[in-house]
Structure formats: structure tokens, C-alpha cells
Amino acid sequence: MRLLLVEDDATLGTQLQLSLKKAGFAVDLSSDGVDAETLGEIEPYDLVVLDLGLPMKSGLEVLGNWRKRGNQVPVLILTARGSWQEKVEGFKAGADDYVSKPFQIDELLARINAILKRSTASIAGSITFKNITLDEDSQELILKNGIRHNLTGTEFRLLRYFMLHPKQLLSKSKLTEHVYEYDEDKDSNVIEVYVNRLRQIIGANLIKTRRGQGYIFGSND
Ligand code: CA
């Protein structure tokens, strides 16, 4: 899962980026409204964490412009404490949820995970598909015999993306965009290497190759 974090407070932004990375997300950080609006238009984020008070262009304006152009990326806004007006305006502009500053990182993570999972069957802290469970807190994979496997950051992000999008054809380039950050070297051939590593752990049948098109996770055919 790849997130855009928009926060102009450099200290808070860097801290949040680090915490979100530790939680297994690829995170791009933007510190002004104009840059954020452009990134949100050109990059396929899974979710945006958007501060409202930003230089150049306010968060509300950025969000409103995305929605006007049909961009439905899930957006969680960061509001000033006690400002019910900001919350109301945020929801009117198309926000999916909010967290009031100051907040605990655990609350932010819980709300992010809730938004990301609204459309998928999963319980807090883990994702299960058939016999395998992904523990999001420890970033481990649990097989049906109870054996736990440690995953690297990239393996975890890739498998989580597969598990949240079962039975969908996912191209290598799409997977690359959702697993890596903006400034990382995005070599889509590397996805093949990671897919093969995951197959060795979870079994070759769970990730099928569609030649020339990409991969399908968890399909029956
Ligand atoms: Ca701010």
C-alpha cells in the first residue's frame, strides 16, 4: 500500500513518515498544497493523509479539486483540535475520516487501516485469505500449520496488496506503483523476484501468472 502524507510541519511530517513506514506502508511526503495536488493526480495512491493548514493551497481546496475531477482516493484529514468547523468542511469536501491534532500514531494507524479495509473482509490487525494470515503488527505471515514467516518490507507490502485485491488481474507496473515510493528505483522486473519468493512460502498456486498481463492472487481457475 502506498500513501501520500501531506504535512508542512517538517518535524511532524518526518516523524509520521517514519512511523507509517514502520507500519509497512510506502510513504511519499509532501509539504505544500500545490505539490500535493499534483502528486495526488499523477500517482496512484491507496490513501492520502492530508493536513488542512498548508502553504500555497489549503488542504480543503486540494481535496475539493481532486473530487471535482473525479479522483476518489481515500482521504483522511488532520484537523485542529476542537475545530468542528474543519471536520464539517472536510467531510463536505469529500474526506473519508479525520484525526484531530495532537493525536497518537496508533489512532492514526487504526483509522488508516479501517479505511483501507472497508471493502474487504478482515479483522483488526490481520488479513486472512483461505489458509494464510498476514499479521500487520509483527509483519509476519502465519500459515495454516501455525508456522510464522518473517517477511521483508517489500514482501509484506506486496503480499498485503495481493491479499486486499484478491481475484483481480494486477499488472507488474501496477504492483510496482503500489509497493514502492516515488523516489525509489521502480524496476518492475524486481516484482517477479518477489512474487517467486512469496510463492515459495505460500505455495505456487495462490499467485497465478497471466503471461504478458500480470498476476492474479487467490483465483480458483
Ligand atoms: Ca499545517
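Ligands are counted one by one from 1 in listed order, and the atoms in each one are counted from 1 as well. Along the sequence shown, residues carry numbers from 1. This is a predicted model, so every value here is computed, not measured. All values below were derived from every heavy atom in this structure, side-chain atoms included, with hydrogens, water molecules and symmetry-related copies excluded.
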Would you say the side-chain atoms of Q104 pair up with the backbone N or O of D106, donor to acceptor, closer than 3.5 Å?
no
> Okay, side chain of E155, backbone of T152: is any donor-acceptor separation there less than 3.5 Å?
Replying inline: yes
When N65, N71, D32 are each screened for side-chain contact (heavy atoms from CB on, under 4.5 Å) with E37, the one that passes is N65
Open item on the list: Can you confirm whether or not the ring centre of F162 sits under 6.0 Å from the ring centre of F129?
Closed with: no
Ignoring waters, protein N/O/S atoms under 3.0 Å from the Ca ion (ligand 1) are D8 OD1, D51 OD2, G53 O
Sorted by chain and residue number, the ring pair (Phe, Tyr, Trp, His ring centres under 6.0 Å) partners of Y161 (sequence neighbours excluded) come out as H165, H178
Got a donor-acceptor contact below 3.5 angstrom from the R67 side chain to the G94 backbone? yes
